[in-house]
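Computed from a predicted model, the values in this text were never measured in an experiment.
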Amino acid sequence: MKLSIYRHLWGNPLPIAQALPDAKAKGYLGIEAPPPPPGADRDTLLRLGAELNLPFIGMAFTGGATVDAHFDSMRRQVDDLIAMRVKQV
């Protein structure tokens, strides 16, 4: 059995462009985080992750005042992760 240690990005104060090389330098085998909004951070995460061979595990958190709102927030995040072609959530 092989233990793969992934670096979470939640609570990490570094910008993604610094956090990924930092994780790689510290020996992490991948990254775990919620999907960043479309745009520069998402593009950087996908590009640098591929360049550094750091697989991405997507996270999804729900939020809202009602059960339907929680379902909607989960659906949006899962749709984002699918669009990012994430293989693991």
Side chains of [X] and [Y], heavy atoms from C-beta outward: is any pair under 4.5 Å?
X     : Y     : value
Pro37 : Arg42 : no
Phe56 : Met84 : yes
Ile57 : Lys87 : no
Ile16 : Thr44 : yes

Just how far is it from atom CD1 of Ile5 to atom CD of Glu32, taken to the nearest 0.5 Å?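 Going from CD1 on Ile5 over to CD on Glu32, the span is 12.5 Å.
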
Hey, could you give me the OG1/CG distance between Thr66 and Asp68, rounded to the nearest 0.5 Å?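 Those atoms lie 5.0 Å apart.
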
Output all residues satisfying ring-ring contact (aromatic ring centres under 6.0 Å, His included) with His8, sequence neighbours left out; order by chain, then residue number.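 By the ring-ring contact (aromatic ring centres under 6.0 Å, His included) rule, His8 matches Trp10.
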
Under 4.5 Å between side-chain heavy atoms, counting indirect links through other Ile/Leu/Val/Met/Phe/Trp/Tyr residues: same cluster for [X] and [Y] or not?
X     : Y     : result
Leu14 : Leu54 : no
Met59 : Leu81 : no
Leu46 : Ile31 : yes
Val86 : Leu52 : yes

Can you list everything that forms a side chain to side chain donor-acceptor pair (under 3.5 Å) with [X]? Sequence neighbours excluded, please.
X     : answer
Glu51 : Arg47
Lys26 : Asp22
Asp43 : none
Thr62 : His70

Between [X] and [Y], which heavy-atom pair has the shortest distance, and what is it?
X     : Y     : result
Ser73 : Gly63 : OG-N, 3.0 Å
Gly64 : Ala69 : CA-CB, 3.7 Å
Tyr28 : Tyr6  : CD2-C, 3.6 Å
Ala60 : Gln77 : CA-OE1, 3.3 Å
Leu48 : Leu20 : CB-CD2, 3.7 Å
Asn53 : Lys24 : O-NZ, 3.9 Å

Just jot down the salt bridge (Lys or Arg N to Asp or Glu O under 4.0 Å) partners of Asp41, sequence neighbours excluded, or say none.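 In terms of salt bridge (Lys or Arg N to Asp or Glu O under 4.0 Å), with neighbours along the sequence ignored, Asp41 is linked to no residue.
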
Assess the residue pair Arg76 and Asp79 against the criterion (salt bridge (charged side-chain N to carboxylate O under 4.0 Å, His left out)); give the C-alpha distance rounded to whole Å, side-chain angles, the decisive distance to 0.1 Å, and a yes or no. CA-CA 5 Å; Arg76 279 191 307 275; Asp79 287 345; over 6 Å; no

